[in-house]
Number of protein chains: 2
Amino acid sequence: MSESYSKLTCTFQRLARLQHAITFLQWDQLVMMPTHGNKSRSQAITELVGLHHEMLTAPELVDHFDQAGNEDLTSLENRSLLEMEREWRRASCVPAELVRAKSLAGLRCEHGWREQRKENDWDGFLKNFKEVVDLSRQEARVRQEADPDRFETPYDALLDLYCTGDNSQLITTVFRELKKELPVLMEEVMDSQSREKAVAIEGKFSLSNQKELCRELMVLLGFDFSRGRLDESMHPFSTGDHGDNRITTRYREDEFVEALQATAHETGHASYENGLPEEWRGLPVGQARNMCLHESQSLLFEKQIFLARPFFGYFSKFIHAAFPQLVDLSGDQIWHGITQVKPNLIRIEADELTYPMHIILRYEIENALINGELGPEEIPDAWNEKMQQYLGISTEGNFRDGCLQDIHWTDGSFGYFPSYTLGAVNGAQIFRIIKERYGDWQERLNRGDVGFILDWLASEIWQKGSVLESQDLLMAATGESTNPTYFLDHIKARYLKRQY
Amino acid sequence: MSESYSKLTCTFQRLARLQHAITFLQWDQLVMMPTHGNKSRSQAITELVGLHHEMLTAPELVDHFDQAGNEDLTSLENRSLLEMEREWRRASCVPAELVRAKSLAGLRCEHGWREQRKENDWDGFLKNFKEVVDLSRQEARVRQEADPDRFETPYDALLDLYCTGDNSQLITTVFRELKKELPVLMEEVMDSQSREKAVAIEGKFSLSNQKELCRELMVLLGFDFSRGRLDESMHPFSTGDHGDNRITTRYREDEFVEALQATAHETGHASYENGLPEEWRGLPVGQARNMCLHESQSLLFEKQIFLARPFFGYFSKFIHAAFPQLVDLSGDQIWHGITQVKPNLIRIEADELTYPMHIILRYEIENALINGELGPEEIPDAWNEKMQQYLGISTEGNFRDGCLQDIHWTDGSFGYFPSYTLGAVNGAQIFRIIKERYGDWQERLNRGDVGFILDWLASEIWQKGSVLESQDLLMAATGESTNPTYFLDHIKARYLKRQY
């Protein structure tokens, strides 16, 4: 008998149904809802989040977990139990009072930030932000104390909410290598690209043609529109549930590549979700492993497939059909135009090569901040110093385009940033195995065939859900844990050698 | 102190938040969701419906209602208490087992009906339908017993779920008058229209222009797109919550008036909802009064405003702009073309004059059916007999276009049909008062001005929520309870005299 395990399974499936409701109400809020719907919507979401939390922290779960540990379970069931326990512990280890206080402080800080950023008002921001940092440090300590064997530092406990299983020791090692190589590479690439005379892609690009083009790209990338949607929102994102994973992108009339890149990126996220194992539907063990792997899939779709020179060559005929004014530019010319490297103040505008330096900077600051080695008031100086060191740009006095540019810290989402670059590194590592396995990968991409990649990802990554820990999953799929070599190889091949 | 009343208020506000979630998940299911999302979606909605029911029938509510009755409440608070109690009693008086059984039988019957209707298979349908009728009769009895002072017959108890406050005695009286007059009027109108030589509106009408035209119509009808949306669905409907009321319509390439009529109709529903009193937000007393009044608003928008000859004359310039191929037809010619009367087998295709006969037929059958005076197997004969008598059409052996044409009975929604015609009657009665108050109403409509109608409806109907019983509300607004005279006057004016 495994009565307690069954009860837990049943509870987590109910939780998944509540989460489904929250997910799609939030999607609607960002994509469909008219402005005056916000009050009712926010109240409804808050109510559901409260019910979800109540169900997940109900006192009887303590006993169920105690007893389920002694029940006769298969090894897969044990994994499932472990993932349920992880989610339960995460929700129940932080006192409700602290959750509420952090949520309020975060809302206040984020709200103020929207104006303070525009006005370059670091001092105004700092007033609210100090409380967010203080409460986040408290949260980190509480989370660390709840599982001291797994978390070496308070920061690790926050990191684990997003990069589950990938700790700061691993990340620091990976980032150390990138820090050593990327600034040098950047100089080399900029020097070699200065001789390229790449064309700028300019003009007016009809929004409806862009939308159609993005849909065509999704179809080429294997997206099944009976299992999801493409819509438009202020910031591109991906969300959903089994059988219904939705992505958004955004369009600008003076530029069309950004919408396509975001579409490819979000299609990667949605494909991972749609490929998760049906048999673990609604349970934590059936979810995507962590954000570092999630981001590996989105970046694999965006950088390794869409931006691959052979795929882009194939796709250029769609671009020409959508925008006949570009017909004099070959796919290769466009590709050269959009793969230029240049250090930039703004993370979200950074190219593939310099992007990790933005992340490393943030990682180092938030790590020190949460562990109490850096005060919030010291952030601007630390930011400026690192920007100069890593990218050769000063942000002195320019908070707007410096430490005030991101939303992540305003509500205390510390530990999220590293997953972007871990994802890029994991994505390159995974794609390298696929390239090895399929020696003709360039010819395949050149005729628009990505099926072999999807099949491989489905069986080696997506179908695994959370059955393995992140590094074990990567080990099983690629033969080693996260290793920055392949990302660096990829950058050299694309930007120095201009191979693919 | 009014502690119990406050607790009840708090509970009903939470219920409204759950209902908000259910509402928008269902909207999304019908309007946005890709097909493979259905499994997760249905489970999530079922979970929320269950939580809603659990909260509404929680044992502690019994005490709260007991005690709140003795608390010192204002007369408005007493009304609010009464409406909360009504909702609570409705949910708690039917045993959970019966609810479940009816829901399952209804799903089975509706599912089978989709094929059986196509195949004209009454016998196959009857097998499932008998159980639906049996369980609906049980439900009706239980509901009647829970409030025997209010419900004279079991059918009245089901009727009250939709036509709250309008009982079968009232409805029978109103319908008796319509039955007497409408068949005679139909003959007279058809005779006089046979001499009209009305033009048929034919052609190909671009869907995107139709969409734009529907939006223009909504703006003319005072719809605020920051408080709602227009989308597309298989069957037009309206749904939403405070500040976010959404409607849908459907488009056909060979016809454009249908989409406009549905748009005007649903805009009426949405305007009622958006006009409900903000101070009673989330509480039963702040909801629309009943379906007979809801339908009065949608039909007032559709039939009394949009189809009014002067308004249509104004609107025809928008039609001409959208469809230049019609520029040789005057607004009046189009209006004559689309206001032709002809008896029809199908309710939803019926014109304004014959539509009530379809409803009266259904009302008489379902009333007898639920009260045990007619067996489900006798329906086809009763249907055929009444169709011959009321509209001069036989449905013998033609179940598809006879008693199998509607979805309403398949899941046991008995008591819904009368609201369509009560709505038409109430709508005409309300509009007659507005016409009296604004002697220049035709000139106003002729220049597209409907603001005076919206203002009147807002203060006399929408802002009242459920503070009054339906007939009291109508009495306060029009000086009398539901009276079919004004609907008959309207029909004569429009179809016989061709006035407006």
Side-chain angles (χ1 to χ4, degrees), chain A residues 10-11 13-29 31-52 54-55 208 223-231 239-247 270 273-274 276 278 281-282 286, chain B residues 10-11 13-29 31-52 54-55 208 223-231 239-247 270 273-274 276 278 281-282 286:
Chain A
C10 180
T11 299
Q13 281 164 339
R14 291 188 72 193
L15 286 164
R17 288 173 202 144
L18 288 183
Q19 186 54 54
H20 175 106
I22 296 166
T23 295
F24 286 97
L25 290 175
Q26 286 172 332
W27 173 85
D28 184 270
Q29 192 173 30
V31 180
M32 294 291 159
M33 193 188 74
T35 51
H36 282 97
N38 202 47
K39 189 171 166 188
S40 301
R41 179 59 50 86
S42 302
Q43 288 175 341
I45 290 174
T46 304
E47 183 71 39
L48 290 176
V49 168
L51 283 170
H52 186 279
E54 210 175 283
M55 202 182 280
S208 64
F223 191 85
D224 173 355
F225 278 96
S226 74
R227 297 179 183 276
R229 299 178 48 93
L230 168 67
D231 293 280
T239 193
D241 194 2
H242 275 257
D244 185 2
N245 282 290
R246 307 181 179 186
I247 73 166
E273 291 288 326
N274 265 329
L276 289 169
E278 175 66 26
R281 197 159 160 268
Chain B
C10 180
T11 299
Q13 282 164 338
R14 291 187 70 194
L15 285 164
R17 288 173 201 144
L18 289 183
Q19 186 54 54
H20 175 106
I22 296 166
T23 295
F24 286 97
L25 290 175
Q26 285 172 332
W27 174 85
D28 183 271
Q29 191 172 31
V31 180
M32 293 290 157
M33 193 188 73
T35 50
H36 282 98
N38 202 47
K39 188 171 164 188
S40 301
R41 179 59 49 87
S42 302
Q43 289 176 340
I45 290 173
T46 304
E47 182 71 39
L48 290 176
V49 167
L51 282 169
H52 187 278
E54 210 176 283
M55 202 181 280
S208 63
F223 190 84
D224 174 354
F225 279 95
S226 74
R227 297 179 182 276
R229 298 177 50 92
L230 168 66
D231 293 280
T239 193
D241 194 3
H242 274 258
D244 184 3
N245 283 290
R246 306 181 180 186
I247 73 165
E273 291 288 325
N274 265 331
L276 290 169
E278 174 66 25
R281 197 160 160 269

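Residue numbering restarts at 1 for every chain, and letters A, B, ... go by the order of the sequence lines. Remember, it's a predicted structure, so these values are computed and weren't measured experimentally.
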Locate the shortest heavy-atom distance separating [X] from [Y]; write the atom from each residue and the value.
X	Y	value
A:Ala44	B:Arg17	CB-O, 3.6 Å
B:Pro34	A:Gly228	CG-N, 3.4 Å
B:Arg246	A:Met33	NH2-CA, 3.4 Å

Max heavy-atom pairs within cutoff under 4.5 Å with chain A, candidates B:Leu25, B:Asp28, B:Asp224, goes to B:Asp28

Under a 4.5 Å cutoff for heavy-atom pairs, which residue among B:Gly282, B:Gly240, B:Gly37 has the most contacts with chain A?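 Highest number of pairs under 4.5 Å: B:Gly37.
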
Rounded distance (nearest 0.5 Å) linking atom NZ of B:Lys39 with atom CG of A:Asp244: 14.0 Å

State the CD1-NE2 distance between B:Ile45 and A:His20, to the nearest 0.5 angstrom. 7.0 Å

Taking side chain as everything from C-beta outward and backbone as N, CA, C, O, which of these in A:Gln43 sits under 4.5 Å from a heavy atom of chain B? Side chain, backbone, both or neither.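 Contact with chain B is through both the backbone and side chain of A:Gln43.
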
Relative to chain B, which segment of A:Leu51 carries a heavy atom at a distance below 4.5 Å: side chain, backbone, both, or neither?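 For A:Leu51, the contact with chain B is made by the side chain alone.
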
Note, A:Met32 side chain near B:Phe24 side chain (heavy atom, < 4.5 Å): no

Do B:Leu48 and A:Leu18 come within less than 4.5 Å of each other through their side chains, counting heavy atoms only?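 Result yes, sub-4.5 Å side-chain heavy-atom pair found.
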
Taking atom types as modelled, find out whether B:Arg281 and A:Ser40 have a side-chain donor-acceptor pair closer than 3.5 angstrom.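 Yes.
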
Checked A:Gln19, A:Arg14, A:Gln13 vs chain B; the most non-hydrogen pairs under 4.5 Å come from A:Arg14

